[in-house]
Amino acid sequence: MSALAPPLIAWYRENARDLPWRRDGFGAWGILVSEFMLQQTPVARVIPHLEAWLSRWPDAAALAAAAPGDAVAQWANLGYPRRALWLHRAAVQVRDRHDGVVPRDVDALLALSGIGDYTARAVAVFAYGDRHPVVDTNTRRVLARVLEGRAQPGPPAKEDLVRMEGVLPEDRADAAIVNAAAMELGATVCTARSPRCDACPLAEICRWRAEGFPASPDLRRRQARYEGSDRHARGAVLGILRGAAPDDVDLAALLAEWPDARQRDRAIDSLVADGLVEVVADRARLPR
DNA sequence: GAACCGTGGCG
DNA sequence: TCGCCAAGGTT
């Protein structure tokens with residue numbers, strides 16, 4: 001067993017946050033929905049939306065029976081609304097391919113819309129207790145620091161899964177805890193900006209700390225400015241349509257005051273191309 | 001592999 | 001104020 005596993009397991013048992021999707025019996029569907037919502041959206045903002053979502057659509061078949069636009073509207077301001085559409089498509093696929101039961105097999109999960117390496121393994125591990133490496137941005141940062149002595153991880157790579165596999169204990173239940181613990185440690189202690197090494201169970205074996213916290217060359221690309229961007233225009237258009245749903249909106253009135261008409265039209269076109277918006281005659285609406 | 005895709009909180 | 005960051009995935 002890796003030297004990381006025992007202290008991670010002990011620390012997690014004492015310090016894990018009490019999050020809804022960690023409660024016994026939360027269910028594979030709830031965990032799947034939570035993982036979709038947690039893709040790039042902070043935990044605190046997800047929790048109330050998750051509970052509302054599951055109250056409305058308690059299983060995959062329920063969501064699959066709804067209109068995709070209902071999912072987009074219910075998604076509200078969680079961001080990246082394509083995820084709502086993908087989650088709806090995944091629900092339809094679960095209904096049609098798996099009799100409404102969220103699959104357990106990683107390849108079957110990977111074949112669902114909006115599910116990649118992280119989400120597929122997270123569901124298999126946290127919903128079903130199977131043994132796979134689960135690697136998110138927190139885990140990558142923890143491993144980069146502890147094992148490589150780097151302040152920040154490199155870009156995501158398949159190699160990350162191999163590295164995490166090398167950290168996991170053989171026992172499935174222990175492996176699941178180590179996966180969760182690495183994520184939890186990165187989220188609450190080994191954070192990106194101001195790590196609290198005094199509270200870290202891996203401090204004594206951390207290479208980054210041993211080497212004096214060297215700054216690593218920062219290869220991360222800067223996030224593009226949001227104000228005035230195409231994403232901003234898309235967000236504004238969709239926000240209006242969410243507010244009007246289930247009614248439609250006159251296309252000419254839609255975002256009439258947006259400063260750049262070319263950009264506004266490009267936003268609408270791209271939303272239509274993504275399936276997030278429908279235009280019928282001279283009116284726009286969320287998809288039915 | 002790079003570019004693109006929302007939204008809000010925090011230092 | 002402003003840049004960084006957040007349980008990623010698709011094209």
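So that the names make sense, note that chain A is the first sequence line, chain B the second, and so on, each numbered from 1.
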Checklist entry - Would you say Gln40(A) reaches dA6(C)'s phosphate, i.e. side-chain N/O to OP1/OP2 under 4.0 Å? => result no
Checklist entry - How far does the P atom of dA3(B) sit from the matching atom of dA7(C), given to the nearest Å? => result 24 Å
Checklist entry - What nucleic acid atoms does Arg242(A) come within less than 4.0 Å of, heavy atoms only: base, sugar-phosphate, or nothing? => result sugar-phosphate
Next on the checklist: Rounding to an integer number of Å, can you tell me how far Arg222(A) CZ sits from dC5(C) P?
Outcome noted: 11 Å
Next on the checklist: What contact category does Gly116(A) fall into here, base, sugar-phosphate, or nothing, at under 4.0 angstrom with non-hydrogen atoms?
Outcome noted: sugar-phosphate
Checklist entry - For Leu78(A), which contact category applies under a 4.0 Å heavy-atom criterion: base, sugar-phosphate, or nothing? => result base
Checklist outcome for this item: Between Leu38(A) and Ile115(A), the residue closer to the 5' end of DNA chain C by nearest nucleotide is Leu38(A)
Next on the checklist: Under 4.5 Å between side-chain heavy atoms, counting indirect links through other Ile/Leu/Val/Met/Phe/Trp/Tyr residues: same cluster for Leu238(A) and Tyr80(A) or not?
Outcome noted: no
Next on the checklist: Between the base of dG6(B) and the side chain of Thr41(A), is one N or O donor paired with an acceptor at under 3.5 angstrom?
Outcome noted: yes
Next on the checklist: Using only modelled atom types and a 3.5 angstrom limit, is any donor from either the side chain of Arg82(A) or the base of dT10(C) paired with an acceptor on the other?
Outcome noted: no
Item to check | From dA7(C), dG8(B), dG8(C), nucleotide with atom closest to Arg45(A) side chain | outcome: dG8(B)
Item to check | Nucleotide dG6(B), atom C1' - distance to OH of Tyr80(A) in whole Å | outcome: 6 Å
Next on the checklist: Within the 4.0 Å heavy-atom criterion, would you say Ala122(A) contacts the bases, only the backbone, or no part of the nucleic acid?
Outcome noted: nothing
Item to check | Whole angstrom value for the distance that separates C1' of dA6(C) from CE of Met183(A) | outcome: 12 Å
Next on the checklist: Checking side-chain polar atoms at under 3.5 Å, does Gln74(A) have a donor or acceptor matched by the opposite partner on Arg56(A)?
Outcome noted: yes
Checklist outcome for this item: Per side-chain hydrogen bond (donor to acceptor under 3.5 Å, both in side chains), Glu278(A) is matched among Arg288(A), Arg285(A), Arg283(A) by Arg285(A)
Checklist entry - Which nucleotide, dA7(C), dG8(C), dG6(B), lies nearest any side-chain atom of Thr119(A)? => result dG8(C)
Next on the checklist: Is the phosphate of dG6(B) approached by Asn77(A) (side-chain N or O, under 4.0 Å from OP1 or OP2)?
Outcome noted: no
Checklist outcome for this item: Per atom distances to the Tyr118(A) side chain, the nearest of dG6(B), dG9(C), dT7(B) is dG9(C)
Checklist outcome for this item: Separation of dC5(C) atom P from Arg140(A) atom CZ, nearest Å, is 12 Å
Checklist entry - Contact class for Arg193(A) (heavy atom, under 4.0 Å): base, sugar-phosphate, or nothing? => result base
Item to check | Sugar-phosphate, base or nothing in reach of Tyr226(A), heavy atoms under 4.0 Å | outcome: base
Next on the checklist: Both Leu112(A) and Arg141(A) contact DNA chain C. Which one's nearest nucleotide lies toward the 5' end?
Outcome noted: Arg141(A)
Next on the checklist: Whole angstroms only, please: what is the CD-P distance between Glu227(A) and dG6(B)?
Outcome noted: 15 Å
Checklist entry - Using a cut-off of 4.0 Å on non-hydrogen atoms, how would the nucleic acid contact of Pro81(A) be classed: base, sugar-phosphate, or nothing? => result sugar-phosphate
Checklist entry - What is the nucleic acid contact for Trp75(A), judged by heavy atoms within less than 4.0 Å: base, sugar-phosphate only, or nothing? => result nothing
Next on the checklist: Regarding Arg17(A) and Glu184(A), does a basic nitrogen lie under 4.0 Å from an acidic carboxylate oxygen?
Outcome noted: yes
Checklist entry - Do Asp70(A) and His88(A) have side-chain atoms, one donor and one acceptor, less than 3.5 Å apart? => result no
Item to check | dC5(B) OP1/OP2 closer than 4.0 Å to side-chain N/O of Arg83(A) | outcome: no
Checklist entry - Which part of the nucleic acid does Leu19(A) contact within heavy-atom distance under 4.0 Å: base, sugar-phosphate only, or nothing? => result base
Item to check | Donor-acceptor contact below 3.5 Å, side chain Trp75(A) vs main chain Gly79(A) | outcome: yes
Checklist entry - Closest to the Arg225(A) side chain: dG3(C), dC5(B), dA7(C)? => result dG3(C)
Checklist entry - Roughly how far apart, to the nearest Å, are dT11(C) and dG6(B) at atom P? => result 14 Å
Item to check | Of the listed nucleotides dA6(C), dC5(B), dG9(C), the one nearest the side chain of Asp230(A) | outcome: dC5(B)
Checklist entry - Taking the nucleotide of DNA chain B with the closest heavy atom to each, which residue, Pro156(A) or Ser194(A), is nearer the 5' end? => result Pro156(A)
Checklist entry - Heavy atoms under 4.0 Å, any strand shown: does Ser270(A) hit a base, just sugar-phosphate, or nothing? => result nothing
Checklist entry - Does the separation of the ring centres of Trp86(A) and Phe36(A) fall below 6.0 angstrom? => result no
Item to check | Base dG6(B) paired with Arg231(A) side chain (donor-acceptor, <3.5 Å) | outcome: yes
Checklist entry - Atom CD of Gln39(A) and atom C1' of dT7(B): how far apart are they, to the nearest Å? => result 15 Å
Next on the checklist: Please tell me whether Trp57(A) and Trp29(A) form a close aromatic pair, meaning their ring centres lie under 6.0 Å apart.
Outcome noted: no
Next on the checklist: Suppose we call a contact any N or O donor and acceptor under 3.5 Å apart; does that hold for the side chain of Gln223(A) and the base of dC5(C)?
Outcome noted: yes
Checklist entry - Reckon Arg234(A) touches a base, only the sugar-phosphate, or nothing at all at heavy-atom distances under 4.0 Å? => result sugar-phosphate
Checklist entry - Can you check the Asp136(A) CG to dC5(C) C1' distance for me, whole Å? => result 13 Å
Next on the checklist: By the 4.0 Å heavy-atom rule, please label Asp274(A) as base, sugar-phosphate, or nothing.
Outcome noted: nothing
Next on the checklist: How many whole angstroms separate atom CZ of Arg22(A) from atom C1' of dA7(C)?
Outcome noted: 9 Å
